[in-house]
S.K.: 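My questions will all concern the structure given below.
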Amino acid sequence: AMLEEGGRLQGPELGAAPPPEAPSAAAPDLDSLFHRPVSAVADLELPVTSLTLLGSCPLRWVFARRLELGTLFRPGGEPWVPSPRADLERAGTGGAAMGTALHVILERWDFGAPFAEAFAAACPAAMEPRLAAEARSLLEEFFAPRQPWLERLAEASSLRREEPFVYRLGNVLLHGQTDLVCEWRGQRILMDWKSDRVAGRDAIERRLSHHRFQILLYSLALAAAGRPVDQALLVFLRASEEGGFRQLRLDDFDLEWAATRARRMAELARELSDLTIEGTGRSLLDGVPVFKDPPCADCPFRDGPCPK
């Protein structure tokens, strides 16, 4: 469940007497420590974003999380995505940096203020000037059209932003951070900002499918903390004329699907973390399942180590 303010993690009291030392034993075999059976692991702790990535493409998860190739294939953002902002990205302030900058600014945004005033107050003074200018241009385009959801945010009685949570699902411990939970006319509404580059309704629908699992897990975590949400929306900040707000279903079937899938993905994460190729004559990737229709278009490993 989500840890409320003032909550504390279980652990020894400060100043308590140390536990008695166990009898000395022979040094353990290091191989046994690194190749423990899956059943020996009592709990598995994972970020929700990691579980979402695994659910979309196990191969990409292995490259990014198990082999830690992310910094090699995406050193400055998202240069593999065609973009008219290529110069900005070559300067090292590409998609990854832009996504972080947008989240930082929107965490402080006053939805009831004029755009220029809201941006000046929300943009950190220390932000790199070219990145700040690009973020301003992007957000100005997003806020320009009259959108009902922006008006509702301006009217909201409560805005809770960037709140961390810890959620236990069976023997899996998930942690993450919600972008925005607002209270509007008696309804609790979850919103998640996305800086994906999407153009056209088909592209938006594909990204909705990709992010759906993540938002459902956020909804489950909030419900477990006693704060169930009435609506959940993905907000695409780069969707231009298509409109960025997209609502997701939150019925019992969808939430149960997400919980079941989370358990399965957690077991898969354990299996992939324990993969070893020593003495097998096989490639590590031979043991990685391939899901149908993975989101290859924006994958940094598409033209690199991915064999598919």
Side-chain angles (χ1 to χ4, degrees), residues 1-4 7 38-39 41-62 65 149 158 160 162-194 196 201-202 204-236 245-274 288-295:
M2 188 178 294
L3 294 177
E4 296 293 339
V38 170
S39 59
V41 183
D43 286 308
L44 180 67
E45 184 176 347
L46 285 171
V48 169
T49 51
S50 177
L51 208 64
T52 303
L53 176 63
L54 179 60
S56 66
C57 181
L59 277 170
R60 184 169 176 174
W61 187 89
V62 167
R65 307 288 172 145
W149 278 109
S158 170
R160 301 179 67 162
E162 302 297 335
E163 289 196 326
F165 66 83
V166 178
Y167 172 47
R168 179 176 291 279
L169 187 64
N171 62 348
V172 183
L173 202 62
L174 298 176
H175 58 87
Q177 187 165 285
T178 55
D179 288 345
L180 173 63
V181 178
C182 74
E183 303 274 350
W184 177 76
R185 296 186 181 180
Q187 290 197 320
R188 184 176 292 115
I189 304 165
L190 166 67
M191 295 188 184
D192 196 71
W193 312 116
K194 294 300 180 188
D196 309 42
R201 296 188 182 278
D202 290 344
I204 291 177
E205 291 301 319
R206 286 195 298 271
R207 300 311 291 170
L208 271 175
S209 177
H210 174 67
H211 294 302
R212 173 173 171 254
F213 182 38
Q214 177 185 358
I215 304 309
L216 290 173
L217 290 177
Y218 287 169
S219 301
L220 284 169
L222 287 165
R227 297 171 55 211
V229 297
D230 301 291
Q231 300 185 60
L233 295 97
L234 284 167
V235 186
F236 293 99
F245 292 85
R246 289 292 184 273
Q247 193 165 354
L248 296 172
R249 292 190 319 180
L250 288 179
D251 57 34
D252 291 342
F253 175 83
D254 293 294
L255 293 172
E256 182 56 36
W257 170 85
T260 301
R261 183 171 178 80
R263 296 185 189 100
R264 290 175 179 170
M265 290 303 101
E267 289 304 316
L268 179 58
R270 279 185 179 156
E271 293 172 10
L272 295 179
S273 297
D274 289 341
V288 181
V290 179
F291 291 169
K292 183 180 179 181
D293 298 326

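Since the model is a prediction, treat every value here as computed from it, not as a measurement.
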S.K.: Write down the atom of Ser158, the atom of Arg160, and the distance for their closest heavy-atom approach.
M.R.: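 So the two residues come closest at OG-CG, 3.9 Å.
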S.K.: Which atom names give the shortest non-hydrogen contact between Pro58 and Leu268, and what distance separates them?
M.R.: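 Smallest heavy-atom distance, with atoms named: CG-CD2, 4.1 Å.
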S.K.: Around atom CZ of Arg263, are there more than 12 heavy atoms from other residues, nucleotides or ligands closer than 6.0 Å?
M.R.: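 Yes.
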S.K.: Tell me the closest heavy-atom pair linking Ala266 and Leu46, and the distance in Å.
M.R.: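 Of all heavy-atom pairs spanning Ala266 and Leu46, the closest is CA-CD1, 4.4 Å.
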S.K.: Do other residues, nucleotides or ligands put more than 12 heavy atoms under 6.0 Å from Asp251 CG?
M.R.: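 Enclosed.
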S.K.: Please report the C-alpha distance between Thr52 and Val48 in whole Å, then the side-chain angles of each, then the deciding distance to 0.1 Å, and finally whether the side-chain contact (heavy atoms from CB on, under 4.5 Å) criterion is met.
M.R.: CA-CA 6 Å; Thr52 303; Val48 169; 4.0 Å; yes
S.K.: Picking from Asp179, Leu234, Val235, what satisfies side chain to side chain contact (heavy atoms under 4.5 Å, CB included) with Lys194?
M.R.: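 Of the listed options, the one satisfying the test is Leu234.
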S.K.: Any Lys/Arg nitrogen of Arg270 or Glu267 sitting under 4.0 Å from an Asp/Glu carboxylate oxygen of the other?
M.R.: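 Answer for the salt bridge query: yes.
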S.K.: Supply the atom-to-atom distance Trp193 CH2 to Glu162 CD, rounded to the nearest 0.5 angstrom.
M.R.: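 Going from the CH2 atom of Trp193 to the CD atom of Glu162 covers 10.0 Å.
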S.K.: Mind listing the closest non-hydrogen atom pair of Thr49 and Gln214 along with its distance?
M.R.: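 Shortest heavy-atom separation between Thr49 and Gln214 comes out as CG2-NE2, 4.0 Å.
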S.K.: So, for Pro289 and Leu272, which heavy atoms are closest and what is the spacing to 0.1 Å?
M.R.: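 Looking at all heavy atoms of both residues, the shortest contact is CD-CD2, 4.3 Å.
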S.K.: So if I apply the side chain to side chain contact (heavy atoms under 4.5 Å, CB included) rule between Leu250 and each of Leu220, Leu190, Ile215, Leu216, which one comes out positive?
M.R.: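 So the option named by the test is Leu216.
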S.K.: How far does CD1 of Ile189 sit from CH2 of Trp149, to the nearest 0.5 angstrom?
M.R.: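 Between Ile189 CD1 and Trp149 CH2, I get 4.0 Å after rounding to 0.5 Å.
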S.K.: Treating Arg188 as the side-chain partner and Val181 as the backbone partner, does any N or O pair qualify as donor plus acceptor under 3.5 Å?
M.R.: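 Side chain of Arg188 to backbone of Val181: no pair is present.
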S.K.: Would you check, one step at a time, whether the test side-chain contact (heavy atoms from CB on, under 4.5 Å) holds for Phe236 with Leu208?
M.R.: CA-CA 10 Å; Phe236 293 99; Leu208 271 175; 4.2 Å; yes
S.K.: Mind checking the SG-NE2 spacing from Cys57 to His210? Nearest 0.5 Å is all I need.
M.R.: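 Rounded to the nearest 0.5 Å, the SG-NE2 separation comes to 10.0 Å.
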S.K.: Nearest 0.5 angstrom please: Gln231 CD to Cys182 SG, how far?
M.R.: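 Going from CD on Gln231 over to SG on Cys182, the span is 8.5 Å.
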S.K.: Quick check: does any side chain N or O of Thr260 sit under 3.5 Å from a backbone N or O of Trp257, one acting as donor and the other as acceptor?
M.R.: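 Judged by distance alone, no pair lies under 3.5 Å.
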S.K.: List the steps and the verdict of side-chain contact (heavy atoms from CB on, under 4.5 Å) for Leu51 and Val172.
M.R.: CA-CA 11 Å; Leu51 208 64; Val172 183; 5.5 Å; no
S.K.: Might you point out which heavy atoms bring Gly55 and Met265 nearest each other, and give the distance in Å?
M.R.: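 In this case the closest contact between Gly55 and Met265 is CA-SD, 3.6 Å.
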S.K.: How many angstroms lie between atom CZ of Arg246 and atom NE2 of His211, to the nearest 0.5 angstrom?
M.R.: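 Answer for the CZ-NE2 pair, Arg246 versus His211, is 13.0 Å.
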S.K.: Between atom OG of Ser219 and atom CG of Leu248, what is the distance when rounded to the nearest 0.5 Å?
M.R.: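 Interatomic distance, Ser219 OG to Leu248 CG, rounded to 0.5 Å: 8.0 Å.
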